[in-house]
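These notes are about the structure you will find just below.
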Amino acid sequence: MEQLNQEQLSEVRRQMEIYTQGVQEIIPSEELEVKVAKSIMKNRPLKIKLGLDPSAPDVHLGHTVVLNKLRLFQDNGHVIQLLIGDFTGKIGDPTGKSVARKQLTDDEVKHNAKTYFEQFGKVMDMEKVELHFNSKWLSKLNFEDVINLAGKITVARLMERDDFEERIALGKPISLHEFFYPLMQGYDSVELECDIELGGTDQHFNILMGRHFQEKFGREKQVAMLMPLLEGLDGVEKMSKSKKNYIGIDEQPQDIYGKAMSIPDELMVKYFELITDFSPDDLAKIKTDLESGELHPRDAKMLLGKTIVRIYHGEEAADKAEKGFISVFQQGAMPDEIPTIVWDGKKEVAVVDLLVELDMLNSKSEARRMIQNKGVKVNGEKVEDTHTVISITNDLVIQVGKRKFVKIHI
RNA sequence: GGAGGGGUAGCGAAGUGGCUAAACGCGGCGGACUGUAAAUCCGCUCCCUACGGGUUCGGGAGUUCGAAUCUCUCCCCCUCCA
């Protein structure tokens with residue numbers, strides 16, 4: 001290999017520092033540096049792949065851990081390859097569930113891809129992103145091709161996958177088709193000739209399959225970059241839509257702020273590290289101040305909430321969200337902005353009916369319970385009796401629990 | 001192809017003719033205390049025309065005064081052997 005000059009060498013170091021920050025694992029880490037060096041020397045951008053599940057298009061903060069990293073590559077002139085697993089999605093990820101994933105129509109896939117595109121735009125420059133669908137090549141393989149592909153990997157190797165190992169130990173079933181999922185993901189990397197594949201640590205096995213197959217097909221092997229998984233609001237499970245423990249980047253500022261405030265303290269630092277734009281120095285200061293007690297955990301969390309809102313909605317919205325939070329939750333006032341619902345029903349309504357019609361609760365029984373538990377307020381006054389009848393007036397405010405408010409307009 | 005085990009509320013799991021709208025645990029929700037954190041405590045957790053009524057225990061049909069519990073049948077899942 002030709003020698004890098006001094007300037008190029010420091011450029012390699014600069015980029016490496018950026019890329020490796022906050023990454024859980026790089027496999028193998030030396031190769032990343034080689035790739036970056038080559039790219040700089042030959043002035044050829046690296047291709048960074050990110051695989052996406054076409055069935056869950058709501059982007060939340062968990063995704064942004066990876067997206068932020070991609071963005072850094074993009075900022076330095078490298079090419080991001082977004083791969084929509086439209087074909088793979090039909091087979092189903094081996095998650096231990098017996099229920100087969102429902103097949104998506106082409107329209108749904110397109111729609112979901114578009115949603116990704118719009119939401120990713122908040123983090124990266126979509127103009128420069130390459131978009132791919134793996135059905136393009138996977139749907140063309142015939143049975144012979146598939147057998148050939150399968151011949152390039154051993155069963156023993158496949159069974160090393162944590163999930164499979166676990167299920168074998170527990171005596172749970174593994175369908176044969178599930179073995180093909182890693183094969184397909186690996187083959188995608190062959191097709192895309194990617195230099196790096198990014199993903200969460202849960203993608204460890206699949207991403208290494210990319211290396212394996214690239215080698216079998218005589219291509220240059222990709223580097224695996226694994227980002228830590230972000231736990232959701234419950235502090236235990238990985239953030240995901242199905243667990244309902246997520247903060248969506250599309251959500252309202254107040255909601256984002258509020259949800260951020262409800263994360264367990266132990267998670268704060270991790271959130272700061274993975275989903276905010278603080279510099280390593282700032283992060284270090286927050287950490288030490290928290291430890292010394294100089295920074296109250298509550299205040300740190302408020303800073304976190306404000307920062308997240310700022311990133312996705314701007315400075316102004318962040319200020320507003322914080323002020324709203326202080327007045328509503330710390331001082332018990334009513335929020336400034338309450339969703340308004342136009343009421344064209346009767347003027348005199350039983351509370352229980354009202355709560356259901358406003359869609360604040362699912363059934364009258366639930367409404368009665370909620371009232372008995374002292375969780376319903378009308379214009380700030382607690383409703384004591386389940387039989388209460390409300391006279392509807394303009395701007396009447398109904399509150400359920402601590403956070404649900406609705407204002408009525410006639 | 002053979003043998004066996006199983007499908008109960010969001011999940012896990014009791015219950016095997018009336019006392020079961022169904023124990024218990026988890027989760028979830030509300031309240032108290034707080035910092036919409038943790039811990040703790042209290043209450044709730046099928047629906048409704050609500051001191052009562054209606055529909056629930058994989059689907060359907062039956063036996064019975066009465067079934068999640070018994071019979072038949074269909075569907076689905078799992079384990080072991082070949």
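Note that the coordinates shown come from a computational prediction; the quantities given were computed from them, not determined experimentally. Every chain is numbered from 1 and lettered A, B, ... according to where its sequence line falls, protein lines coming before strand lines. Atom set for the values below is all heavy atoms of this structure, side chains included, hydrogens, waters and symmetry mates excluded.
Comparing the same atom, P, in rC29(B) and in rC72(B) gives a spacing of 45 Å after rounding to whole Å. Taking atom P in both rG43(B) and rC75(B), the straight-line distance is 48 Å, to the nearest Å. Annotation: rG17(B) and rG10(B) have their P atoms spaced 27 Å apart (nearest Å). Atom name C1', nucleotides rG12(B) and rC47(B): the rounded distance is 25 Å, in whole Å. rA68(B) sits 15 Å from rG59(B) when the C1' atoms are compared, rounded to a whole Å. Between the P atoms of rG53(B) and rG62(B), the separation comes to 26 Å (whole Å). The separation of rG52(B) from rC70(B), taken at their C1' atoms, amounts to 32 Å, rounded to a whole angstrom. For the P atoms, the distance linking rU20(B) with rA37(B) amounts to 38 Å, nearest Å.
Taking only side-chain nitrogens and oxygens, Ser363(A) never comes nearer than 4.0 Å to OP1 or OP2 of rC46(B). For Arg298(A), no side-chain nitrogen or oxygen approaches OP1 or OP2 of rA38(B) to under 4.0 Å. The side chain of Gln330(A) places an N or O atom within less than 4.0 Å of a non-bridging phosphate oxygen (OP1 or OP2) of rU36(B).
Here rC44(B) sits opposite rG28(B) as a Watson-Crick or G-U wobble pair (both hydrogen-bonding atom distances under 3.5 Å). Nucleotide rC70(B) forms a Watson-Crick or G-U wobble pair with rG62(B), both donor-acceptor distances falling under 3.5 Å. A 3.5 Å limit on both hydrogen-bonding distances identifies no Watson-Crick or G-U partner for rA23(B).
Going from atom CD of Glu366(A) over to atom P of rG30(B) covers 10 Å, rounded to whole Å. Remark: C1' of rC44(B) and CG of Leu355(A) are 16 Å apart, rounded to the nearest angstrom. Going from atom NZ of Lys270(A) over to atom C1' of rA37(B) covers 17 Å, rounded to whole Å. For the pair Asn245(A) CG and rG27(B) P, the interatomic distance rounds to 14 Å; values are reported in whole Å. The distance between atom CE of Met268(A) and atom C1' of rU36(B), rounded to the nearest whole Å, is 14 Å. In this structure, CD of Gln372(A) is placed 19 Å from P of rC29(B), rounded to the nearest angstrom. Atom CE in Met302(A) sits roughly 13 Å away from atom P in rA37(B) (whole-Å rounding). The separation between Leu267(A) atom CG and rA38(B) atom C1' is 13 Å, rounded to whole Å.
With distances taken from any side-chain atom of Ser365(A) to the nucleotides rU36(B), rC47(B), rC44(B), the minimum falls on rC47(B). The side chain of Asn373(A) has rC44(B) as its nearest neighbour among rA37(B), rU34(B), rC44(B). When each of rC47(B), rA37(B), rG35(B) is scored by its nearest atom to the side-chain atoms of Pro264(A), the top-ranked nucleotide is rA37(B). With rU36(B), rC44(B), rC48(B) as the candidates, the nucleotide lying closest to the side chain of Lys364(A) is rC48(B). The Arg403(A) side chain lies nearest to rU36(B) when the options are rC48(B), rU36(B), rG31(B). In the set rG35(B), rC44(B), rG30(B), rG30(B) carries the atom at the smallest distance from any side-chain atom of Met370(A).
Nearest-nucleotide mapping onto RNA chain B: of Lys301(A) and Gly401(A), the residue sitting toward the 5' end is Gly401(A). When each of Tyr257(A) and Asp234(A) is assigned the nucleotide of RNA chain B with its nearest heavy atom, Asp234(A) is the one assigned upstream, toward the 5' end.
Among the protein residues, Ile263(A) comes within range of the sugar-phosphate backbone only, with heavy atoms under 4.0 Å from sugar or phosphate atoms but none that close to a base. Counting any heavy atom pair closer than 4.0 Å across all strands shown, Lys374(A) reaches sugar-phosphate atoms only and no base atom.
Because its NZ or CZ atom is not both nearer than 6.0 Å to the ring centre of Phe278(A) and within 45° of the ring axis, Lys285(A) does not count as a cation-pi partner of that residue. Both cation-pi conditions hold for Lys259(A) and Tyr246(A): the charged atom is under 6.0 angstrom from the six-membered ring centre and inside a 45 degree cone around its axis.
Remark: the Asp299(A) side chain and the rG35(B) base include no donor-acceptor N/O pair separated by less than 3.5 Å.
Taking each heavy atom of Leu158(A) and Leu183(A) in turn, the nearest pair found is CD2-CD2, 4.2 Å. Between Pro45(A) and Ser39(A), the shortest heavy-atom contact is CA-OG, 4.2 Å.
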>> For a side chain to side chain contact (heavy atoms under 4.5 Å, CB included) check, start with the C-alpha distance between Phe272(A) and Leu303(A), then their side-chain angles and the critical distance, and finish with the verdict.
In response: CA-CA 9 Å; Phe272(A) 270 115; Leu303(A) 175 62; 4.2 Å; yes
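By the 6.0 Å contact criterion, CG on Asp385(A) is enclosed, its count of non-hydrogen atoms from other residues, nucleotides or ligands being greater than 12. Heavy-atom contacts from other residues, nucleotides or ligands closer than 6.0 Å to CD of Glu33(A) number 12 or fewer.
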